[in-house]
There are 2 protein chains.
Amino acid sequence: MARTVDPEKHEARRLVIIDAALTCFAATGYAGTSTAAICKRAGIGSGTFFHYFPTKQSLLLAILAYGTDETRDWFAVRSEDEDPLSVVEAYLDHTVDEMSDPRLAGFVRAVGAVMGEPDVEAALALDTRVLEEGLEPWIARAQAADQVRADISAHDLTVWLLVVLDGFLARLAVDADFTAAAQQATLRDVVRRMLTP
Amino acid sequence: MARTVDPEKHEARRLVIIDAALTCFAATGYAGTSTAAICKRAGIGSGTFFHYFPTKQSLLLAILAYGTDETRDWFAVRSEDEDPLSVVEAYLDHTVDEMSDPRLAGFVRAVGAVMGEPDVEAALALDTRVLEEGLEPWIARAQAADQVRADISAHDLTVWLLVVLDGFLARLAVDADFTAAAQQATLRDVVRRMLTP
DNA sequence: GCAATACTAGAGCAGTCACTCCAGAAAAGG
DNA sequence: CCTTTTCTGGAGTGACTGCTCTAGTATTGC
């Protein structure tokens, strides 16, 4: 017999490539990033690249799946006896924290513009579905506890919360004077005003 | 002497190309759209294309300038004795109306992800500057009239209004169940809650 | 009619892209 | 040691890109 595969080393290499791709996609967009650029930044040859990912698109899908898993995990850890509104606000803070990595905002912008690729659109749809299904029960519980207005359905409120959050993140990516640290308090205020009964 | 240029015909052809490009960019993104695809949709040859626009990028810039001009015109028509808050809300309605063309939302997504092209970034920056400079005076006047909260600066309120509007438009582009007609009332409510003293 | 020039189409070009292929290095079991 | 298989780099490939060039047509002023 012969050489076996070491899953740890394999995963480590994968992460190096993913990290390099994240940087490149955030800087120059998906279509604007060549596989050669990713290889250069990751310090590998193209042979190695395609040994780990069969296509450039599969690399993008791997990154998206990574983010979806993180969202799933975050909600899986919540326990039902937490205060509903606090969980919602904690998720806001969590997301803003994640976006302190300035690459993420650029990456989100880059990925949002990948159009006409069914697999990518499906992955994005799954990502928002996981997010909505994680958030909506807490909004519903907050409604039941009269913490949140009930004249709009829990689903619509969830969507509107994500609308505000998306707009916030998009602005972070574009406007250097608009920083998460300086605007987080206003974000909380805007959301609270939107949800108040 | 010989043939002179007919500016009307010239402009009409330009608009045909611009319209075709808008459709293509919205469907497959900027980088994902080849000049050949635009030519095919516009029913012209590539020679004609490059007779009207020296580069693919200049076509994109022309479309952006078109939008910026429209924004400028909209605010230029306002007269100072209008009710400040009504002008702000009228702008919201106006934008939502414009977005009833479903291509526009896709186009905005596509253009937002054109990175590392200084001319495009400059055009986008100009577009948002014109928008902010059009909106902010009305917010300031609404503050002076106690129609709008004053604990946040007029500029920050303007930016936050655009944050909500951007998030709204982004959702329109992505979620088929989220329609302008059904959500316009909620948009107005969210903005009013955000601005209320 | 004629000359001059704006306009048009599409073949062709140089460059770039995602991806393939191969030859050899490295690592595991025997 | 040897064998087997994974892992690695980079030259090479065919497809496609934005754009140019040319040859010809349509439309104007005279």
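Every heavy atom of this structure was used, including side-chain atoms; hydrogens, water molecules and symmetry mates were not. Residue numbering restarts at 1 for every chain, and letters A, B, ... go by the order of the sequence lines.
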> Which atom names give the shortest non-hydrogen contact between A/S79 and A/W138, and what distance separates them?
Replying inline: O-CH2, 3.3 Å
> When every nucleotide of nucleotides 9-19 of chain D is labelled 5' to 3' by its protein contacts under 4.0 Å (heavy atoms), B for base, S for sugar-phosphate only, - for none, what sequence of letters results?
Replying inline: BBB-----SSB
> How does the hydrophobic cluster around A/L126 look, that is, which other residues are in it when side-chain heavy atoms under 4.5 Å mark a link?
Replying inline: A/V130
> Do A/D156 and B/F178 come close enough that some side-chain heavy atom pair is under 4.5 Å?
Replying inline: no
>> How many whole angstroms separate atom NZ of A/K40 from atom P of C/dC17?
In response: 12 Å
> Nearest-Å distance, CD (B/E8) to P (D/dT27)?
Replying inline: 16 Å
> Does CZ belonging to A/R149 count more than 12 external heavy atoms closer than 6.0 Å?
Replying inline: yes
>> Rounded at 0.5 Å granularity, tell me how far CZ in B/R109 sits from CG in B/L169.
In response: 12.0 Å
> Counting only side-chain N and O atoms of A/H51, is one of them less than 4.0 Å from OP1 or OP2 of D/dT8?
Replying inline: no
> Between A/Y52 and D/dC7, is there a side-chain N or O to OP1/OP2 distance below 4.0 Å?
Replying inline: no
> side chain to side chain contact (heavy atoms under 4.5 Å, CB included) between A/D19 and A/R103: does it pass, once the steps are laid out?
Replying inline: CA-CA 10 Å; A/D19 191 78; A/R103 293 179 306 167; 3.4 Å; yes
